[in-house]
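What follows is a single structure, written as structure tokens, with notes after it.
Every number for a ligand or one of its atoms is a count from 1 in the order of the listing. When a residue number appears, it is its place in the shown sequence, counting from 1.
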Amino acid sequence: MTAPRAFVVGWPIAQSRSPLIHAHWLAEHGLAGSYERLAVPPDEIEAFLKNLPESGWVGGNVTVPHKETAFRLASERDAVAEATGAVNTLWIEEGKLCGGNTDAIGFLANLDDRAAGWDARPGDAVVLGAGGAASAAAWGLKTRGFRVRLVNRTLARAEALAARLGDDVSAHGWDVVRHLLRDARLLVNTTSLGMAGKDEMTLDLSPLPATALVSDVVYVPLETPFLAAARARGLATVDGLGMLLHQAVSGFERWFGVRPKVTPELRRLLLADLGVVE
Ligand code: ATR
């Protein structure tokens, strides 16, 4: 039998750190197999995905901008994929392309890991953004009993996502964010603001209660200006690296047959690659 080969597909893909994670787990468990970056442009992704069951790959991860196309082309989907409209993990079952979304579980596991007890008293959560990461975070927060306030520059996009996610998720513009922050237990950034090379996030965090937790799904830089501002205010913060690590677990288990662990050693490996000393 040939060693299982998995991939991460996106456009561009050079920035993906997923290969580091899977190579670490393959070595840790002494498994034969590989996990490779694949750059596939938007006009070729449909053909790539349609051909996947016959291609010899055991499956892979899907990243920006292909998660919605993967959702559309998967014959079977898990419940989170159905709820969020995005697929980030693919595998083949009985010759069929199956898709799941592990971003929501990754988002929750990161908070559980880095801020234990964060969901002990659910209330309002403010989620900035309305893209794929926002839908995963909002879905996850809903399952933990939070009322989710989506705040997005393009209000119609937040409204569409709120309608998709159903009860306890509402859509708002940036003009009311100060007001929403006053009651927030949790504030999450899922926009690309604050990402290296993108526009800065200039949100004033002063209305947040002193007990609020602040998290960012961005992890380059590891401490975004948004998190730095929250920390300067004395608020608890959780960076986005753990979401990347935790979302990788179930794909690895499907493709290579062992459920891996997110360890401090794995986090250190990624931090070294990011050039961060903790
Ligand atoms: P992902 O799937 O990774 O979440 P995305 O779908 O590209 O990424 O979404 C990016 C998010 O960042 C969106 O919510 C986007 O707002 P719009 O829906 O209005 O585009 C938000 N975003 C990006 N640049 C922004 C900016 N300069 N100001 C405010 N929001 C911004």
Quiz item: Under a 4.0 Å heavy-atom cut-off, what residues line ligand 1?
Solution: G129, A130, G131, G132, A133, N152, R153, T154, R157, T190, T191, S192, L193, D199
Quiz item: Excluding sequence neighbours, so at least two apart, what forms side chain to side chain contact (heavy atoms under 4.5 Å, CB included) with R77?
Solution: F71, A74, A81, E82
Tell me which donor-acceptor pairs under 3.5 Å the side chains of residues 176-185 have, and how far apart each pair is, sequence neighbours excluded?
{"unit_1": "R178", "atom_1": "NH1", "unit_2": "D204", "atom_2": "OD2", "d": "2.6"}
{"unit_1": "H179", "atom_1": "ND1", "unit_2": "R182", "atom_2": "NH2", "d": "2.9"}
{"unit_1": "R185", "atom_1": "NH1", "unit_2": "R121", "atom_2": "O", "d": "2.6"}
{"unit_1": "R185", "atom_1": "NH1", "unit_2": "P122", "atom_2": "O", "d": "3.1"}

Contacts under 3.5 angstrom, residues 38-47 side chains, donor-acceptor by atom type, not counting sequence neighbours:
{"unit_1": "E46", "atom_1": "OE1", "unit_2": "K50", "atom_2": "NZ", "d": "3.3"}
{"unit_1": "E46", "atom_1": "OE2", "unit_2": "R72", "atom_2": "NH1", "d": "3.4"}
{"unit_1": "E46", "atom_1": "OE2", "unit_2": "R72", "atom_2": "NH2", "d": "3.2"}

Exercise. Assess the side chains of N189 and T224: does a donor N or O sit below 3.5 Å from an acceptor N or O?
Key: no
Exercise. Starting from the C-alpha separation in whole Å, work towards a yes-or-no answer on side-chain hydrogen bond (donor to acceptor under 3.5 Å, both in side chains) for R149 and S170.
Key: CA-CA 5 Å; R149 312 296 208 175; S170 55; 3.1 Å; yes
Quiz item: In Å, rounded to the nearest 0.5 Å, how long is the span from CZ of F226 to CG of D239?
Solution: 12.5 Å
